S.K.: 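I am attaching a structure below and will ask some questions about it afterwards.
These numbers come from a predicted model, not from an experiment.
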Amino acid sequence: MLQVDKLTKTYPTGQKALDACSLKVEKSQVVAVIGPSGAGKSSFIRCINRLVEPTEGQIWLDGSEVTALAPDQMAKMRRHMGMIFQEYNLVERLTVMENVLSGRLGFVSFWQAFLRKFPQADIDRAFDLLERVGLAGYENNRADALSGGQRQRVGIARALIQEPKILLVDEPTSSLDPKTARTIMGLIAELARERGLPALINIHDVGLALMFAERVVGLSEGRIVFDGAPDEVDEQILTRIFGEADWRQTIRHAAEDAEALERRRAAAPDGGDGAEPAWQSGAAR
Amino acid sequence: MSATDGSQAASASTRGRSWRKPPMIANPVLRYGLLVLLAAYLVYAVDDVNFDLARFIAGIPKAIDMAQQMVPPDFSRWQLLLDGVLESLQMAIFATAIGVVISIPIAVCAARNMVPKPVYLAARGYLGVVRTLPEVLIAIFLVKAFGFGAFAGMLTLTIASTGFVGKLLAEDIEDLDPGQVEAIRATGGNWLKVLLFGVAPQTLPRYIGLCIYRLDINLRESTILGIVGAGGIGATLYNSFGRYEYDFSFAILLSIIAIVLVAEWASGAIRARIT
C-alpha cells in the first residue's frame, strides 16, 4: 500500500529533518510514529502528501510513485490521502458542513464549490459521517464555535469523506485535554480499522501510542530507530528514541490501559454504536 | 539551600542601585544632534517662507468680507447643485463598484504566499505606483487624456480604489492562518479551490469592510476632483468661486459637508456591525 524509500528532507536552512527513512505499510494498520519534538515526525508525514517537498527518496502509494507527480497530478493524488491536523485546521468562518464537504473539493467543479452545490451523494455521506463522529445536528454551526474535541471530530469527518486510501494524522491529540485526547485517538483508530485504512499517526504521547497502535515506529533525529509491535517497546527502546529518562511508569500504565481497553471491547463487541465509546469512561489513571 | 543563599547575597550587593528607563536613541551625540538639526530647520523654514505678520493682518478683513458675502447661502439654483451632487455620487458609486471587483485579482497577485515571485513583484509594482500618486494627480493626467468631465473622474477613482483595496487586502491575505490553507491543499483542492475555501472565508469580512470604507473615501474625493476638471460637484464649486458667487459657493460647501458626514457615519455604522 504505502512504501517509503530512503526519504530525505533537507530544509533550505541546511537542517536535515529526515535522513534516509524507509517504511512499508502493507496492510491496513494503525501505525504510531513516536519521537521527541523536532525528530522529523511532522516532516515525514507531510512529505508523503508533499505538503513538504522531499529532497531525496521515493514514495509509492498503491503502485503509483507519489514523488514523480507533476503539481496538478499531485493535487489529484492528495484526494486519496486524508489528513488530520494537530490544530484541527478547520476553516474557522465556515460551517461544520462546509468544512466536512471541503474534503470533496478535489472531486467537484469550481462552480459547484463556489455555489456550495455538492452532489447529493456527498451530502449524504457528510451527514452519515457527522453522525458517526458524534456531531449530528451540528452541521450549521460555525467551526470557530466548537470545542477542541468537537473540532477534531470535524477534522476526522473531513478526512474520511475523501474516501482516502490512507490516513495521515499529525499529532491529533496535542491540543486536547487528556480525556478528550483518548476519545479522539480511539475514534481515529476505530474508524481506520472499520474502513480498512492504513493510518500513520504522529504522536509524542507514548502512552496513547502504545494503547491504540498495532505498530510503532520510533523516529529520532530524522532516522527510524525502531519499528515493531507495541509490546516490544521497552525502556531501552524508549531511551533510544527519546533519550535517557525513567520510562517504567509510562510502559506499565500503557500496558494496563491497553488491557482494560481490550477487556471492554470483548465485553461490548459492538462498541461503536454505544452511547459512549468504551475508553471514554476509563479516563482516570 | 545554596541557591537561596546565593540569590540573597546578590540582592544585598545590588541594593541602592539606581535605574532609569533607557533612552529611545542610545547614542547621545545622535540624540541631541537630531534635536539641534530640527530646531535649525524650523528657524530656516520660517525665515524662508516670508512669514509676514503685516500681510497676515491685512488679509483678515478680506477674509471676513468674503465670509460675510457667503452668508446667507444661496440655494436658489438648487437644480445646478443637485446635478453636481448626483454626478459626484454616480462617479463615486460606479468607481467603487468596478474598483473593488478589480482589486480582488490584484490583491491575490500581490500576496507573497499565493503567487510566484514575478507575479508578486509585478502586482506590487502596480500598487506602488498607484499608491504614490495622489488622486488629484491621476485626475489631472486622465483629464488630459480623456477630456473634461465625470468619465475622467470615475476612472481616477476606480484606479485609486484598486490601489487602496488591493494593497490592504493583499496584506490581509499574507497574514492569514496557513493551517486552514494547508488543510484545503491536503484535500486535493487546486489553487482556485484553495482560494475559495481557504483564503476567501478568512479575508471576506475585511474585504467587505474595505469596500465600504473605500466608498466613503470615493464620495469624499469625488467632491474635489472637479477642481481639476474631472466633473462632479467640485466643478460647480470651482466655477462659482471663479464668478465670485460666494453665497452659492457656501451652499455647495454645505452640501459637500453633508455628503461627507453622512457617508462617514454610514460607513462607520456598517463596518462596526460586520467586524
Side-chain angles (χ1 to χ4, degrees), chain A residues 42 45-46 48-52 71-95 98-116 142-144 151 154-155 158-164 167-170 175, chain B residues 100-105 107-109 111-120 168-212 270-275:
Chain A
S42 187
I45 220 158
R46 279 176 170 73
I48 292 175
N49 61 1
R50 284 175 60 192
L51 287 178
V52 167
D72 56 322
Q73 291 173 302
M74 191 58 226
K76 290 215 168 79
M77 174 56 88
R78 286 199 188 107
R79 302 185 303 185
H80 306 299
M81 302 170 159
M83 190 158 183
I84 297 170
F85 300 85
Q86 174 175 1
E87 300 287 345
Y88 331 119
N89 287 1
L90 302 184
V91 183
E92 300 275 320
R93 287 206 180 90
L94 294 185
T95 60
E98 284 170 299
N99 269 288
V100 175
L101 287 173
S102 70
R104 299 300 296 173
L105 276 181
F107 299 93
V108 299
S109 73
F110 175 81
W111 288 109
Q112 280 176 306
F114 184 81
L115 300 170
R116 309 293 195 262
R142 252 169 64 147
D144 54 9
R151 285 179 197 212
V154 177
R158 175 174 65 188
L160 287 175
I161 202 172
Q162 289 177 238
E163 312 231 297
L167 270 185
L168 305 172
V169 190
D170 189 25
S175 307
Chain B
V100 298
V101 173
I102 303 176
S103 299
I104 296 176
V108 171
C109 293
R112 193 178 299 123
N113 49 352
M114 293 306 298
V115 291
K117 198 82 184 243
V119 179
Y120 166 76
L168 295 178
L169 185 61
E171 240 113 82
D172 204 43
I173 295 175
E174 286 181 344
D175 280 346
L176 51 70
D177 171 14
Q180 302 179 33
V181 175
E182 185 185 39
I184 301 299
R185 279 220 302 150
T187 66
N190 60 18
W191 187 83
L192 270 178
K193 287 173 194 158
V194 169
L195 212 57
L196 200 58
F197 266 70
V199 178
Q202 291 192 59
T203 49
L204 197 61
R206 173 103 173 114
Y207 174 68
I208 295 173
L210 285 174
C211 292
I212 294 166
I270 296 173
R271 281 185 298 139
R273 273 186 182 218
I274 57 166
T275 42

S.K.: Is a side-chain donor or acceptor of A/Arg93 paired with a backbone partner of B/Gln202 at a separation under 3.5 angstrom?
M.R.: yes
S.K.: Within this structure, what is the CG-CG distance for the pair B/Leu196 and A/Leu105, rounded to the nearest 0.5 Å?
M.R.: 7.5 Å
S.K.: What's the spacing between B/Phe197 CZ and A/Leu94 CG if we round to 0.5 Å?
M.R.: 6.5 Å
S.K.: Does any non-hydrogen side-chain atom of A/Asn89 lie less than 4.5 Å from one of B/Glu182?
M.R.: yes
S.K.: How about A/Leu90 and B/Gln180: do any of their side-chain heavy atoms sit closer than 4.5 Å?
M.R.: no
S.K.: Please classify the contact between B/Ile184 and chain A as side chain, backbone, both or neither, with a heavy-atom cut-off of under 4.5 Å.
M.R.: side chain
S.K.: Select one option (side chain, backbone, both, neither) describing which atoms of A/Arg142 are under 4.5 Å from chain B's heavy atoms.
M.R.: neither
S.K.: So for A/Arg158, is it side chain, backbone, both, or neither that comes closer than 4.5 Å to the heavy atoms of chain B?
M.R.: side chain
S.K.: Counting only N and O atoms by type, is there a donor-acceptor contact under 3.5 Å from the side chain of B/Lys193 to the main-chain atoms of A/Val108?
M.R.: yes
S.K.: Of all heavy-atom pairs between A/Leu51 and B/Ala186, which one has the smallest distance, and what is that distance?
M.R.: CD1-CB, 4.1 Å
S.K.: Mind checking the CG-OG spacing from B/Leu192 to A/Ser109? Nearest 0.5 Å is all I need.
M.R.: 11.0 Å
S.K.: Between A/Gln162, A/His80, A/Met83, which has the largest tally of heavy atom pairs under 4.5 Å with chain B?
M.R.: A/Gln162
S.K.: May I ask you to check whether over 12 heavy atoms, not counting those of A/Phe114, lie within 6.0 Å of atom CZ?
M.R.: no
S.K.: Establish, yes or no, whether the cationic atom of B/Arg185 lies under 6.0 Å from the six-membered ring centre of A/Phe85 and within 45° of the ring axis.
M.R.: no
